[in-house]
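Protein chains get the first letters and strands the later ones, always in sequence-line order, with residue 1 at the start of each. Worth saying up front: this structure is predicted, and the values here are computed from it rather than measured.
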Number of protein chains: 2
Amino acid sequence: MTLTDTNSWTGIREVLLRRIHNRIWQPGELIPHEADLAEEFGCARTTVNRALRDLAESGLVIRKRRAGTRVAINPPQRATLTIPIIREEVESLGRSYRHSVLERNLRALPPMLHGAFQVSLSEDVLFLKTLHFSDERPYAFEERHINLDAAPDARDLAFNEISANEWLVHNAPYTHGDLSFFAVNADETLCRKLDATTGMALFAMERITWAGEMPITHVRLIFAPGYRMRTEI
Amino acid sequence: MTLTDTNSWTGIREVLLRRIHNRIWQPGELIPHEADLAEEFGCARTTVNRALRDLAESGLVIRKRRAGTRVAINPPQRATLTIPIIREEVESLGRSYRHSVLERNLRALPPMLHGAFQVSLSEDVLFLKTLHFSDERPYAFEERHINLDAAPDARDLAFNEISANEWLVHNAPYTHGDLSFFAVNADETLCRKLDATTGMALFAMERITWAGEMPITHVRLIFAPGYRMRTEI
DNA sequence: CACATTAATATGTGCATGCATATTATCTTA
DNA sequence: TAAGATAATATGCATGCACATATTAATGTG
């Protein structure tokens with residue numbers, strides 16, 4: 001038995017967790033309310049509240065005012081993905097990072113993004129194709145649209161020194177965004193860029209970010225063969 | 001300007017967020033400490049603490065005792081993925097769900113999983129191949145190993161009524177796990193099962209879960225063509 | 001009986017205070 | 001001067017209390 005340090009909120013959380021795991025409280029069942037638990041553990045209600053709040057955040061219990069706290073019927077499996085700046089991801093693996101801008105121009109917003117960007121933009125967007133390298137081997141291929149209304153300084157930057165990925169994180173913080181993951185087959189051009197063979201399945205990610213109502217950037221990243229996105233749950 | 005409801009912790013969080021977004025506090029910069037902010041907002045230190053704790057959780061600020069709170073240099077982009085039970089995912093899209101167990105037998109733990117499962121198991125594991133359908137069209141193909149030490153009741157279940165996916169969530173809660181996402185090419189057998197053409201890129205997920213030291217299950221899910229995993233950030 | 005009103009109740013949050021703990025800065029001392 | 005002891009300080013956490021708010025149950029009313 002681990003030292004439970006009851007009357008610390010983490011300790012109480014562990015006790016509650018064990019009861020849920022051991023089915024002392026069945027899924028769907030109402031558990032005692034804060035005041036009772038506080039008395040049982042001999043601590044303040046605030047402390048129990050903290051523990052329960054944490055369990056609710058991770059989806060294990062459902063809390064409603066007046067209705068009480070009940071064990072979740074099917075705890076949704078939540079996974080927190082950390083999506084780092086590519087340079088940092090590569091360097092954290094002990095590899096050297098480099099990137100190369102393959103294409104850079106102004107163009108009208110592609111129709112595909114009209115819906116996603118929602119607002120009609122007053123001017124062209126900056127389009128970039130970038131290849132990211134890990135130890136001089138292709139790591140990921142990036143296609144990006146930048147809304148110059150949201151990041152006007154980007155117009156004068158070549159993004160040869162600092163990648164658009166990193167520059168935007170530092171200079172155009174977003175408030176929210178959409179993120180999706182999927183698989184694509186490598187076409188001819190992707191193959192040449194990513195050292196893949198034609199048709200190979202590649203892991204891809206697409207992201208659109210906004211600062212309030214203003215769309216900032218759309219990016220599509222396609223990773224070299226063998227890439228896995230990992231996390232712990 | 002939105003109503004800021006200062007002296008509520010969420011209101012204070014919004015104000016702090018705006019200051020970070022507007023670069024009033026530069027990345028890397030030390031921000032005033034809790035007591036000062038509490039005085040500025042005319043609230044208790046606890047309330048400021050709650051707001052700062054929340055910002056720290058989302059990775060926007062870094063907090064260290066004595067050292068103070070500083071704005072993160074490159075806020076890691078954290079995304080929370082909710083991985084639902086497949087039946088619920090399908091039904092939430094308004095489709096009908098069905099699954100079919102294609103194969104079910106006991107076998108020795110495959111060498112591939114010896115490392116992952118870490119401990120040597122005393123007996124065989126239960127192996128299952130399941131196909132999940134959405135509106136009678138293939139949705140995902142599942143290969144699963146279940147440790148019968150962790151879930152002995154599984155030995156007598158056919159998993160025709162309730163899928164192993166769902167049964168395990170209800171009957172063998174895990175404490176932690178590893179999760180990864182990647183892309184695979186459809187091979188001959190996958191094609192037949194998932195209505196794909198040979199070589200098509202498919203989105204896949206692999207997951208191993210433990211209850212404490214005890215491995216529970218390994219599962220590999222391969223989704224039908226076109227699948228996207230989405231989230232908001 | 002249907003519907004609106006009111007009361008009861010469990011969680012949500014704020015406050016003032018005190019102490020714990022990690023980390024940095026400062027002061028000793030060999 | 002370098003290494004170790006000590007003080008200072010910002011966050012972390014627990015407590016007791018009060019009030020806010022959402023939701024359910026009970027009650028009243030046409």
Side-chain N,O ([X]) to OP1/OP2 ([N]) below 4.0 Å:
| X | N | value |
| --- | --- | --- |
| A/R50 | D/dC13 | yes |
| A/T69 | C/dT11 | yes |
| A/R63 | C/dG12 | yes |
| B/S8 | C/dT13 | no |

Calculate the interatomic distance between [X] atom [atom1] and [N] atom [atom2]; express it in whole Å.
| X | N | atom1 | atom2 | answer |
| --- | --- | --- | --- | --- |
| A/I12 | D/dC13 | CD1 | P | 13 Å |
| A/R13 | D/dA14 | CZ | C1' | 16 Å |
| A/H33 | D/dT23 | NE2 | C1' | 16 Å |
| B/E34 | D/dT9 | CD | C1' | 12 Å |
| B/L30 | C/dT24 | CG | P | 12 Å |
| B/I31 | D/dT11 | CD1 | P | 8 Å |
| B/R70 | D/dT11 | CZ | C1' | 14 Å |
| A/D54 | C/dG12 | CG | C1' | 16 Å |

Where the side chain of [X] is defined as all heavy atoms beyond and including C-beta, which of [options] is the nearest nucleotide?
| X | options | answer |
| --- | --- | --- |
| A/C43 | D/dT23, D/dT15, C/dT13 | D/dT15 |
| A/N49 | C/dA25, D/dA25, C/dT13 | C/dT13 |
| B/W9 | C/dG14, D/dT15, C/dA10 | C/dG14 |
| A/R65 | D/dG12, D/dA22, C/dT13 | D/dA22 |
| A/K64 | C/dT11, D/dT23, D/dG12 | D/dT23 |

Of A/R66 and B/R66, the one whose closest nucleotide on DNA chain C sits nearer the 5' end is A/R66
Parallel, tilted or perpendicular, judged at 30° and 60°: which one describes the rings of A/F223 and A/F203?
tilted
Any base atoms under 4.0 Å from A/R45, or only sugar-phosphate, or nothing? Heavy atoms, all strands.
base
Base, sugar-phosphate, or nothing: which does B/T46 touch, judged by heavy atoms less than 4.0 Å apart?
base
Which heavy atom of A/D36 sits nearest a heavy atom of A/P32, and at what distance?
CB-CB, 4.2 Å
Testing B/R144, B/E142, B/E143 for side-chain contact (heavy atoms from CB on, under 4.5 Å) with B/L221, which one passes?
B/E142
Is the number of heavy atoms from other residues, nucleotides or ligands within 6.0 Å of CD (B/E39) greater than 12?
no
Tell me whether B/R87 forms a cation-pi arrangement with B/Y97, defined as NZ or CZ under 6.0 Å from the six-membered ring centre and within 45 degrees of its axis.
no
